[in-house]
Every structure is written in structure tokens, then in C-alpha cells.
Number of protein chains: 2
Amino acid sequence: MLTTAPVSSRPPGPVIASCLANSTPVDEHADLRASRHVADTLKLLQDRLAPRRRLVHAGDVVYGAGERFSTLYVLNAGFFKMVNLTADGREQVVSIKFRGDWLGFDGIARGTYSCDAVAMDTGEVWMIRYDELLAACRDCPALLDVLHEAMSRQIGRDRESLMSLCTLPADARVAEFLRYWADSLARSGLRSDQIMLRMTRAEIGNYLGMTLETVSRALSKLARDQVIRFAEKGRREIRIPDVGALSSFVQRCLVPVTTLQ
Amino acid sequence: MLTTAPVSSRPPGPVIASCLANSTPVDEHADLRASRHVADTLKLLQDRLAPRRRLVHAGDVVYGAGERFSTLYVLNAGFFKMVNLTADGREQVVSIKFRGDWLGFDGIARGTYSCDAVAMDTGEVWMIRYDELLAACRDCPALLDVLHEAMSRQIGRDRESLMSLCTLPADARVAEFLRYWADSLARSGLRSDQIMLRMTRAEIGNYLGMTLETVSRALSKLARDQVIRFAEKGRREIRIPDVGALSSFVQRCLVPVTTLQ
DNA sequence: CGCCACTTTGAATTAGCTCAAATTCCGTGG
DNA sequence: CCACGGAATTTGAGCTAATTCAAAGTGGCG
């Protein structure tokens, strides 16, 4: 559980238990706290609302853009992408959801969902009728706190995505993307030194505002620089020996030449 | 300055009164309804919370990144920009706020604000302590609805920004930006055929993920195509004879050659 | 009037895109 | 088991939209 530091001394080791490989250098308990926070939130929802659970498989659409809004979803397992399709035919992955994330907030204001929520893997969502949630909040203020916290976190997260898009070159955006994915796994209580990407290069590129070729080149570069490693077979699985290395890669992208003088 | 234009058959024509020239083709009362909605919301807040008002002038910082979160702000007049500064020194305008918009949602989850809220003009914000708001919501569910609606709308809006960034070329992003600004003025109940930009080209470029030169070129192009017109003096004021023209300009950007076959 | 910040425009440069070809992976059926 | 085919990926090469660099031009204001 305690990573053996940056320098990889770790043998591939069986994936069995031993989970929760984290590596935030600043606060090595941060991931643990975060994952507990997710677990606590889910527990609260389960206790107070006993939400209906729904199993999903890759490709399942939990709700589609334009459908009447009535229920929020909380992701308990698996991964989702939110896909937006504009009237003029532009298609865009606008966000990726992990365990503990809520789906459907955008529906509250308009009365209809504005995206498709598509499962990228086998997983489970909890269905929470918005009206029932509000009713339950009356008896249990903690529930309201949890709701607001989730909405607020999404707002903060969306902002970070926007920052990335606006201020980072393509290579760095890919690195940031992997870093966030690893972070999210850690928050979920899963091992984060190993990512099974559930997206094609084309989808990643769409999400990050670049072409699939650029994604591929960026990943190749990250591998060349030893920041990531591809699993022996299948280039969808990515090993991240040290999350910190991803962050410093981003930094390096920002200071292209200035280092010299 | 006025290049004799490619075709130019339209005479300058007086722009005198005739305010509120809107041009949503689908529903010509949409703007009116939207502005009533903003007014109703503000009325509700005023009646139930009697929030403290604060006058601001251009450059005033209502709250800064890192400050302890305690209160939300509702913009009653003026314009704000939200500015994010990352640890590594990247600075980014992450959103623009208009009348009826709320400021500070990002603070709920982290307990601190994550952006600077900077006034771009003389205006007024209403201060709403978050704890008091929650207390008031207990007696008045409508208040809670308004809060959730505002958070949800921001989530939806942030998504649209991201779509723009990812899927539109620079020219179109500038057009979209102006269109949204005009829309927001209409929602505020202000005339929307005329925009006084409170931002430099550099700020606009930062917000839209491009350089100031690109913004300038895009605006020049829009003027050349008669989609906008600059006021006689000062290139900060922009006339929009027809908002629809902005939208169709965006469309044109998306179909570069395909029109032929 | 003259400074200064902002804007516009042009010319050269480049990051990322498009197009194209080769390679790998994986499921399917003989 | 292997051969086959389609989809995803990688990599190269040229092209283009947008950036960078540079030089005027414009407006606001003490």
C-alpha cells in the first residue's frame, strides 16, 4: 500500500490484494482520506435513501440528451463518459466520471438532460430521484451537504478541464488526463499505478481537444521518457510507476527553454 | 478602416432606438421570458434574504482564490470575470458572469474559493451567507430550487464553453463569445444589439484559448463580413445588428468546403 | 501635446492536423 | 490451430491554422 518510492523497485506483482498503490508525494494520506470520503458519502446515501441499483455494461446509455430529467445517478463502480451532441452535429466527450461522481446535474435547470451518459465498462449506478432526494434532505441536512458538495466539486473539476485545454500544449494535456485518471482511481479506493483505458485514442482525443494521432504521439513520447509504460499486450493498459512524474512532465512542457538562463 | 467589403450592398442605416433588437427565430419571446426569470429570482432572494448589497467598480476583487468560503454572491448589475491562477503560474479567465449569475459555488466543496472574482465594471453584488441561505431554505423550498437551478445552469454553461473550445476554430469561438454575451444581456433585460466589451483583446484571448492577435483578426473578419460593426470611436464597443448572423457565421466556419457537392 | 496602453496588421514560424501507409490486436470461422 | 478481416494504433510527411515576432496605428488622459 505504501509505494516503495519513485524509483521502481516494484516487480509486476500479482494484482490480487495489495491494492491502493498511491503516490502523492506531499501528503501520502491524502488518497486514503479522499477514498474514505467517497465511501462515507456512498454509505450515507445508501442508509438514507436505499437507492435502486442498476448494473451497466460498456456501451449502456443510462440517460440520453433531451430525456426528461427526474433522477440523479451516483456512480458506485465503473466509468462513464458524458457525451454532448450539438444541433450542428459536433460531438464531444465533455467529461469522464469515476466512482463517487454524480451524473445528471445539468438536468436540474433545463428539465432535460443535455448529454448522453454512457458506461465505458461494467459498473453500477445508484438511481436517486431528485424529488425524493429533496424530501429526504429535509430530515437529513447532511444529505443536502453531500449534494451541494458534489455539485460544487463538479464545477471545480470542469474548471480544471478548461484550464488544461486553454493553457497546456497537447502532450501536457494527455499527461494531465492520465494524472487525473490515476487520482480518481485512488479516490475510488482502487490501485492507481495501473490504468486500463476504456477509451479509444479517438475518444481521448475528442475529450482533450486534439486528434487521435496527437494522442498516440503524446503517449509514445511519455513512454519514451519513461513517465508511463505500456503493458506487454494491448496498448490500452498503462502503467504509471510514479504519478509525480506525470506532474513534472506537465511542468517541463510549460518551461520549454527558459531553464537554461 | 472600413474596407470596401466583398459585396457590401447594405447602407450603414440608422441604429437609433428600436432597442432590444433580438432575433431568436424560433421563439421571439424567449429573451423576455428569460429576463423575467432572472428578475423573479432576484426578487425572491431579496424578499426572503434581504441580502447585503455591495457596490463594486472595475478591478474590485470580491473574493480571491484561497480565501475561506462563507458566502455566495449574486450579481445584480455589472460584469465579472473569474480568474484562476495555478501553482505553476498559468493564469486563466475561466468564466464571465452576468446579471443573475451566482459567484462562489466552487468554494462549497473545498471550503475555500478557487478563483478571483474580479469586477469588470461598476456593478452590484448581493452577498448571501451560505449558512444563512441553507437555514432560509428550510422554510422556503423555492429558495433551494433557485440555488440548485443556478448551480445546474453553471454546470451546463461550463460545458458549453468546453464544447466551444474543443470543437470550434478560433474565428467561430469569438463569434460564439459575442453571441453568448448578447444573449446574457438580453437575459439581464438589457439591450443586446450593442456590446461594450469590458475586456482587452488579451483577456478575451485568454478566456477563449487563443492569442490577442487572433482575437483581433477574428473581430476584423467579423466586421469585414458585416456580422458586427465597430462603434465609430473605440474598438471596445461592438454593434450586433443581427444576433442570428453570429450563429450562422459559426455554422459557416464548420462547413468549410462541403457546401459545393 | 505627448506618453502609454491597447489594437491592428503583416511576415515568419510552428504545433498540431490531415493524409497515407504499415503494424498490431482481437474476434471469428474454417 | 491457424488464417482472415476489421478495427485500433503507430509513425511518417506535408500542410495549415494559429502563434510568435515585429512594426505601425489609434485612442485616452494627464
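Any value given below was found using the heavy atoms of this structure, including those in side chains, with hydrogens, waters and symmetry copies removed. Each chain gets a letter, A, B and so on, in the order the sequences are listed, and its residues count up from 1.
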What donor-acceptor contacts under 3.5 angstrom involve side-chain atoms of residues 164-172 of chain A, with partners at least two apart or in another chain?
from, atom 1, to, atom 2, distance (Å)
A:Thr167, OG1, A:Met163, O, 2.7
A:Thr167, OG1, B:Arg90, NH1, 2.8

> At under 4.0 Å, does any side-chain N or O of A:Arg236 touch on OP1 or OP2 of D:dT9?
Replying inline: yes
> Are the side chain of B:Ser220 and the backbone N or O of B:Ser216 linked by a donor-acceptor pair below 3.5 Å?
Replying inline: yes
> Given axes from five pairs at either end, by how many degrees does the helix from C:dC1-D:dG30 to C:dG30-D:dC1 bend, rounded to 10°?
Replying inline: 30°
> Atom CE of B:Met196 to atom P of D:dG27: distance rounded to whole Å?
Replying inline: 14 Å
> Would B:Tyr73 and B:Tyr63 count as a close aromatic pair, with their ring centres under 6.0 Å?
Replying inline: yes
>> Going by salt bridge (charged side-chain N to carboxylate O under 4.0 Å, His left out), name the pairs with one or both residues in residues 155-170 of chain B, residues two or more places apart or in two chains.
In response: A:Asp106-B:Arg159, B:Arg157-B:Glu160
>> Looking at A:Arg187 and A:Asp183, is any side-chain nitrogen of the basic one under 4.0 Å from a carboxylate oxygen of the acidic one?
In response: no
>> With salt bridge (charged side-chain N to carboxylate O under 4.0 Å, His left out) as the rule and sequence neighbours excluded, what pairs involving residues 198-216 of chain B come up?
In response: B:Lys81-B:Glu203, B:Asp121-B:Arg198
> Should A:Ser161 and B:Leu162 count as side-chain neighbours, where that means a heavy-atom distance under 4.5 Å?
Replying inline: yes
> Whole Å only: how far is the CG atom of B:Leu197 from the C1' atom of C:dA5?
Replying inline: 17 Å
> So do B:Asn76 and B:Arg99 actually touch side chain to side chain, heavy atoms under 4.5 Å?
Replying inline: yes
>> With side chain to side chain contact (heavy atoms under 4.5 Å, CB included) as the criterion, how do B:Gln154 and B:Phe105 come out once you've worked through the C-alpha distance, each side chain's angles and the decisive distance to 0.1 Å?
In response: CA-CA 9 Å; B:Gln154 172 162 347; B:Phe105 286 143; 3.4 Å; yes
>> Distance check needed: C:dG16 P versus A:Arg201 CZ, whole Å only.
In response: 18 Å
> Among residues 169-181 of chain A, which contact DNA chain D at a heavy-atom distance under 4.0 Å?
Replying inline: none
> OP1, OP2 of D:dA8 versus side-chain N and O of A:Arg235: anything below 4.0 Å?
Replying inline: no
>> Output the rounded distance in Å from CD1 (A:Ile228) to C1' (D:dT9).
In response: 13 Å
> When the distance from CE of A:Met199 to C1' of D:dT9 is rounded to whole Å, what number comes out?
Replying inline: 16 Å
>> Rounded to whole Å, how long is the line connecting atom CZ of B:Phe230 with atom P of D:dG27?
In response: 12 Å
> Going by heavy atoms closer than 4.0 Å, what residues in residues 204-219 of chain B are next to DNA chain D?
Replying inline: B:Gly209, B:Met210, B:Thr211, B:Glu213, B:Thr214, B:Arg217
> Got B:Leu75 and B:Glu124 here, is their nearest side-chain heavy-atom distance under 4.5 Å?
Replying inline: no
> Hey, does the side chain of A:Asp60 reach the backbone of A:His57 with a donor-acceptor pair shorter than 3.5 angstrom?
Replying inline: yes
> Starting at CD of A:Glu237 and ending at C1' of C:dC26, how long is that distance when rounded to a whole Å?
Replying inline: 16 Å
